[in-house]
Number of protein chains: 2
Amino acid sequence: MAAAPKTRIQMKNRATILEAALEVFSANGFRGATLDQIATAAGLSKPNLLYYFAGKEAIHAELLTSLLDTWLDPLRALNANGDPIGEITGYVQRKLEMSRAYPRESRLFANEIVQGAPRMIDEITGPLKTLVDEKAAVIRGWSEAGQIAPLDPHHLIFSIWATTQHYADFDVQVRGILRPDGEAHFDAAAGFLQSLYERALSPF
Amino acid sequence: MAAAPKTRIQMKNRATILEAALEVFSANGFRGATLDQIATAAGLSKPNLLYYFAGKEAIHAELLTSLLDTWLDPLRALNANGDPIGEITGYVQRKLEMSRAYPRESRLFANEIVQGAPRMIDEITGPLKTLVDEKAAVIRGWSEAGQIAPLDPHHLIFSIWATTQHYADFDVQVRGILRPDGEAHFDAAAGFLQSLYERALSPF
DNA sequence: CGTGTTCCTGACCAATTGGTCAAACTATTT
DNA sequence: AAATAGTTTGACCAATTGGTCAGGAACACG
């Protein structure tokens, strides 16, 4: 899609712009973000932004496509041959770690999907669905073999997305309610989710 | 805040405008919504909108404050004297029912909170925190009495919000992945969440 | 050093958008 | 029916915003 950067300056400036755009888009949504904000955040002039990218849409699209892959890595890592409960709780922990380390990426996707995913619907019904269906089949195998409790695998995956991404997407709310405990709530969340899923998945 | 409507026409038109605004704000976020869109959706002219409301902000604010109360009703209904597991799974079901019946309201809040809740932060750190703390204390009492498993009550509430609102806020994604099953996924979700929380909360 | 290429900018533009206002139109009341 | 109060609108405005463009500055390289 986007022309491959060639010079050192291009590499550096494109990266700077994408970093600034991630900041601005994730905090304001596509429509709420302006090229001026992105330009200011990147320390560049607006016409200069448009020298590197064809337009606002192009910057946004580049962010979405280049980040989606990374975003799905934790699910890809779910290993059909591992210990079922350990694999799933491991997935939960990796996903929560993503929320801690990359909250802006999470909010970028959240903004997009809440508003109907107008620029991502193909990725969802295509590659994403394929990956989820594949991993859901693995989980279904485990529950049919009696290794984990019989829970619907698709909804199990949804619940993991929901509970883990909540800490990135609804960060202000979590902080507002857990007021004085600063950063510690991620560790508390890790412990809570570990217990929740261990208990729920245990076949006994 | 907003002047109390007096005439029949005022009642009807204010309601029409708020309904249209809910549609538009929930689908596009505050910044993404335009007065023209709301006016068109309401079947009124833009200046006429502004005869009934002081401005875009005022319409949005009215929606947020008037809907927040309803939104929290399910949690208020959590009864300290009821059966612990039944109370909590009942709360889960009521909350999921809200997602099914009022997805636009859910998305209105989701849009606001994902973007840092600039217009709602006081409600969060005030009345919302108070209510959550109160109900969390009730849940803590249950787990200290050994009636439910020892899970952090605040994070338990967060997980319930996350899992239930997910079906409204990320509706396109859920539909995109569960493609052919139309509306049935809400019933599947109800069953899944019932099992998930029953299993996780059971003290044994 | 000169020259071609890449990079950057100020000035500008058309479209969109939130909001105003005077005038016209419609209900309601007396 | 006249007077009053409430409702609606077309025309207009200033600010914002995505994007363009011609030319200048910096850089690479023979």
Side-chain angles (χ1 to χ4, degrees), chain A residues 1-64 108 111-112 115 118-119, chain B residues 1-64 108 111-112 115 118-119:
Chain A
M1 254 354 36
K6 295 175 176 178
T7 73
R8 247 172 296 159
I9 296 180
Q10 268 175 46
M11 299 259 287
K12 194 195 67 179
N13 281 351
R14 285 182 59 96
T16 304
I17 292 168
L18 288 173
E19 157 66 27
L22 174 60
E23 187 72 27
V24 175
F25 280 132
S26 68
N28 304 97
F30 180 79
R31 192 66 161 34
T34 72
L35 287 179
D36 281 302
Q37 285 176 80
I38 298 172
T40 300
L44 298 172
S45 68
K46 185 168 59 167
N48 204 7
L49 281 201
L50 295 165
Y51 172 73
Y52 289 101
F53 290 91
K56 191 183 177 184
E57 291 273 2
I59 302 176
H60 192 250
E62 171 98 7
L63 276 178
L64 283 187
L108 181 77
N111 266 301
E112 176 68 11
Q115 302 190 4
R119 307 159 220 277
Chain B
M1 257 351 41
K6 294 175 177 179
T7 74
R8 249 172 295 158
I9 298 179
Q10 269 174 45
M11 299 260 287
K12 195 196 68 180
N13 281 349
R14 284 181 59 95
T16 305
I17 292 167
L18 288 172
E19 156 66 27
L22 174 59
E23 188 71 27
V24 175
F25 280 131
S26 69
N28 303 97
F30 180 78
R31 192 63 160 39
T34 73
L35 287 179
D36 281 301
Q37 285 176 81
I38 298 173
T40 299
L44 298 172
S45 68
K46 186 169 58 167
N48 206 3
L49 280 200
L50 295 166
Y51 172 73
Y52 290 100
F53 289 91
K56 191 183 177 184
E57 291 273 3
I59 302 176
H60 192 251
E62 172 99 7
L63 277 178
L64 283 187
L108 181 77
N111 266 301
E112 177 68 10
Q115 301 190 5
R119 305 159 222 275

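Just so you know, these numbers come straight off a predicted model, no measurement behind them. Computed over heavy atoms, backbone and side chain alike; hydrogens, waters and symmetry mates excluded. Order of the sequence lines fixes the chain letters, A, B, ..., with proteins taken first and strands second; residue numbering starts at 1 for each chain.
Atom CG in A:Leu44 sits roughly 9 Å away from atom C1' in C:dC8 (whole-Å rounding). In this structure, the CD atom of A:Gln10 is 13 Å from the C1' atom of C:dC8, given to the nearest Å. Taking atom CG on A:Asn48 and atom P on C:dT6, their separation rounds to 15 Å, with Å as the unit.
Taking all atoms of both residues into account, the shortest heavy-atom contact from B:Leu64 to B:Arg119 is CD1-O, 4.1 Å. Here the closest heavy-atom approach between residue B:Leu108 and residue B:Ser26 is recorded as N-CB, 3.9 Å. Between B:Ala20 and B:Ile38, the shortest heavy-atom distance links the atoms CB-O, 3.7 Å.
Of the side-chain N and O atoms in A:Tyr51, none sit less than 4.0 angstrom from OP1 or OP2 of C:dT9. OP1 or OP2 of C:dT9 sits under 4.0 Å from a side-chain N or O of A:Ser45.
Within the structure, side chain to side chain donor-acceptor pair (under 3.5 Å) contacts touching residues 29-42 of chain B (residues at least two apart or in different chains) are B:Thr34-B:Gln37. Residue pairs that meet the salt bridge (Lys or Arg N to Asp or Glu O under 4.0 Å) test with at least one member in residues 16-27 of chain B, sequence neighbours left out, are B:Glu19-B:Arg104, B:Glu23-B:Arg104.
Within residues 26-39 of chain A, the residues approached by DNA chain C to less than 4.0 Å at the level of any non-hydrogen atom are A:Arg31, in residue-number order.
Classification of the B:Phe30-B:Phe25 ring pair by plane angle, with boundaries at 30° and 60°, yields parallel.
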Please report, to 0.1 Å, the donor-acceptor pairs under 3.5 Å made by any side chain of residues 41-53 of chain A, with sequence neighbours excluded.
unit_1: A:Ser45; atom_1: OG; unit_2: A:Asn48; atom_2: N; d: 3.3
unit_1: A:Tyr52; atom_1: OH; unit_2: A:Asn13; atom_2: ND2; d: 3.0

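In terms of modelled atom types and a separation under 3.5 Å, the side chain of B:Glu62 and the main chain of B:Leu18 share no donor-acceptor contact.
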- Query: When every nucleotide of nucleotides 21-30 of chain C is labelled 5' to 3' by its protein contacts under 4.0 Å (heavy atoms), B for base, S for sugar-phosphate only, - for none, what sequence of letters results?
  - Reply: B------S--
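One distance of note links CD1 of A:Ile9 with CZ of A:Arg14; it measures 14.5 Å at 0.5 Å rounding.
The footprint of chain B on DNA chain D, defined by a heavy-atom cutoff below 4.0 Å, extends from D:dG6 to D:dT17.
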